[in-house]
Structure formats: structure tokens, C-alpha cells
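Structure first, then comments.
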Amino acid sequence: MMSRYLAVVLLAGVLGSLANAQEGPHFDGQSWWETVKVLADDKMEGRETGSQGLDRAEAWMTAQLKSAGVEPGFRGGFLQSVPLRRREIVESQSSLTLVHHAKLMPVSLGRDAYFSLRIDQDRAVEAPLVFAGYGLDVPEAGYNDLHGLDLKGKIAVVMTGSPSSILAALASHYQSSGQRWKTLRQAGAIGIVTILNPWSMDIPWERNAANRTHPVEALDDPALDDTAGEKLAVTFNPAHAEELFVGTGHTFDEISVLARDRKPMPSFPLQLSLRSRLTVKTEKITSANVVAVLPGTDPALKGQYIVLSAHIDHLGIGAPINGDAIYNGAMDNAAGDAVVLDVARSLQSAHAKLRRSILFVFFTGEEEGLLGSKYFTAHPPVPAHSIVADVNTDMFLPIIPLKILRVYGLEESTVGETAQKVADSLGIAVQADPEPLRNVFIRSDQYNFILHGIPSIATKVGYDPDTPEQKIMKDWLTNRYHAPSDDTNQPVDMNAAARFEEIVRDIAVNLANNSASPQWSPNSFFRRYAQGQ
Ligand SMILES: [Zn+2]
């Protein structure tokens, strides 16, 4: 291992040659790593939503923000309390059974399928199954899996994924749990069985299934429940999905190949019904978002806010892997919190004269379904229309050198253009989402801002397909993503982290100081959510 001193000297040299004279470099990677080490320490117990470990992490973050000199984001302080409901399955009193005429075939919980408890399901359901392809109805792309299909009173079986004819952002949007339910409910369905696409599973089935009885949280607010009325929600193992297709003239292999090739799907009734019995314990709990503000200085613009966000929660203590049960979440997402904290410190201490105000937001409940950001965007501390952009950092993965910046939402708004400009000025290439099947665009907190009409992006360290870098990332996802080994005993590239921080800082400064407010692109699908534009 290279000595720390040498690493810093080399780092300073690289950054110095890239930054323009009057700006930066502002970061050395060290302060970033120090924050990651605190938040991902075993003492924080994996920062599960509603846990004492997360409370400790948030208390530490609040103290850091205070000492950095930024102001509390709410009248009452730095914390926004988020009311939640915790659900825990009693698996010994729960079951799934496939019914074929009079024949009953038990579904093995864990091996074949598990209940998706984020959705508040009925305790007993029985209904026929219908294969609804990808379960998509996307008028903008002229694609409809549900055409001519009778789903009334039935359970839709869908495959995650989308045909390549649908743009990535659009396909991701229509696969969000709320939008998917809206589509299928309108067609008359009462529940959904989701078969995970074997060609885009980040986490092996066994690891997901091992934590299926772990409690989950949901917002304790019926007005914010976009899957209300969904009576059944089950996730199915693609390795055991063949049994669903018996007697239909179709095989799961055929479906799977279409999903791999991103071709249109057939849809047809299955020969089976599904019977569920579900027992759940529920409990009211609270957690919090941490919010700080750096007021702008231009009287005409300081009433507008740029949000820099990162989720601070992770998965807590779960099924042990290699004897370790603490899911530390170092890259997911202590690393992102460290970026937002460092940028807050830097902008405050540089007395940067920013025209617009900046909100620094650390969300709870991201891992439970973007709960903290959903609550925050529904109950913001400033008038909703005064939030003009969100730049979100979640699991940006500085485990390879930063040569390419990946920008989710690159082409959707002028926030994407700003990111492109900043990267250009630092000699870093930019790429849009090259892996649309993974639905990353809707898998983090920026998505709730988008749904409120606010132009947003999320950025990460990028890489090209079929390169050694892609292999490193793929191995990371398979072995460390949502596993206890996402801890501080893994190799990281502090130079990449420092350069990434410089980018986020520059984007924030640009967005805060541009005379024009951020705007959606004229052709962006997501423009429809913007109010008054
Ligand atoms: Zn995560």
C-alpha cells in the first residue's frame, strides 16, 4: 500500500494540473474518507431507518454542519421528523400457494418467492394469474403490454425490464412501484407478482431472500401511499419461474431471452391462481431528515434553493455473511454524505458569494423506498416552488479512477447541461445512463424531486461497457452491494473521490450563480411534472 503522504502529494499534483487558477482544488480525499470512516463505523450499526445507530449518525452529522457554520434548515433545528410505520412479517403464519384446478402447489418462501412488505397488502388473497409481459403501458412510445388482456380481479405477473424501443428514463419511470401500480390498477388488476429480470439483477437472489424477514418501513401517511389498494405484492425468483408457465404453450426460457434482448413481450393468461396468507406485525416509529442551509446573497435570487442531497440511512444489522452482520454502507451511502458535508464546509468557509441559497439534505428511509425524500418534497422547509434543482449523490463508487462522469438525467434539463460544462472544464468525459435495465434513474432520491417538477440529476463515477473498470464495478455489485463487506476495509480511490467532490461543488456554484433558473429540456418527458412552466 502506498504511504498516505505520497498519495496526498500525487493527488495534489493531479488536481492542481486540472483545476483552473482561481478555483480549487478544494478537496484532498482525506476529509472525505474521515467522514466515511465515522458513518460506516460498526458503532453506527448500519444506520437502519428508525434505529439508534442512524440517530447517532445524524447527531454526528448535525454537529459537523453546526461547526461548519451553515444554518439549520428548519425553524426548529437541523432535523425534520418523518413519521413511519414499521412492518415485520410473521413468516410462520404466512404462505403462498399456486392453485392449478384442484391441485395445490406450495411456493417456498425464500427459495421461490417472498412478500414485498413495502406494500400494505391484504392478509388473504386468491386470484387467477395473468402474464402481463413487462406490465408497461407507455403511450409516448406506442407500447402496451396490456392491450386485449383481461386483468379484472386478477393478479398480474410481470417481468422487470423494458423493450429497447422505450427511452431509458421513460422505461424507468413507468417501472416505479407507484406508476406500475397505477397502470395495472387501471386495467383492473388487484395485485402484482414481479419476476426479477435475471439479466439485470444486481444482487444474487439468495442474498435478497436471506433478508426477506427483516422489518421494512413505510411513510405513516395514507396521502403519500402511491400503492394503496395493491392487495398482493410478491417478488418471484427467475430461477424457479418456469412453474408459473405450465400449460400455456410458453416457457420462461423464451420470456427470459426476450427480456435479455429487450424485445417486446407476449402477454397471456396463466393456468394458475395464487393464494396468499399473510401475517404482519406493525409499529409506529419516527426517523428524521437532516437539513442545513447556506443562504444566498442576491436579493433577487436568494429565495431560490439548490438542493445537494444524499441519503444517510442504510440497512442496519441483517443476515450475517462470513460472520459479519453489520451492513455498514460505506459506499452506500456514507460516501455520498461525506461529499455533501465536504461541499457544505467548503462553500461556507470560502465565503463563496452564492446568489441562490443551497440546501444540504441527508435523507432517511432511502433504502426503504425513497421515504425521506418523498416526505421532504411533500413537506419542504421552504415554499415548494422555490426549490429549483436537486443534485443527488448516492453510491457514486470512487473505486476506479474518475475519467468519466455518469449523469443520470443528463439530457432532461439544464442541470444536466451544467454537469456537462463542469466536467468539460475539468477534462472529464460525460456519459448518460449506459445500463438502462438497472433503472438507476428512479432508484434514488432525485426521483421525488422530479415528480415535484424540479429538474434533477444524480452523478456517479462512470465507465464504459466491456472494460476492466466495468468488471470491477460488476464484481462490487455482486459481492459488496447491500452486503456487510461494503465497509471501510475495501479499496477506494481517494483521488477519484476528491475530483468528484470538486465536480459537485462546481455544479452547485454554477447552479447558484447562473442568471437563468434551471429548466427542463423542451422535449423531456419529465417536464410534465413542473408546475407553472
Ligand atoms: Zn442502497
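Side-chain atoms are counted along with the backbone in the values below, which use heavy atoms only and exclude waters and symmetry mates. Counting convention: from 1, in listed order, for ligands and their atoms alike.
- Between Asp226 and Lys374 there is a salt bridge, with a side-chain nitrogen of the basic residue lying less than 4.0 Å from a carboxylate oxygen of the acidic one.
- The Zn ion (ligand 1) has no N, O or S atom of His314 inside 2.8 Å of it.
- A perpendicular orientation is assigned to the rings of His482 and His314, their planes being inclined by more than 60° (bins at 30° and 60°).
- In this structure, a donor-acceptor pair under 3.5 Å is present between the side chains of Asp394 and Ser444.
- Residue contact annotation: Glu367 places an N/O/S atom under 2.8 Å from the Zn ion (ligand 1).
- Taking the six-membered ring where tryptophan is involved, the planes of His173 and Phe526 are perpendicular, since the angle between them exceeds 60° and thus also 30°.
- For Asp332, the N, O or S atom closest to the Zn ion (ligand 1) goes by the atom name OD2.
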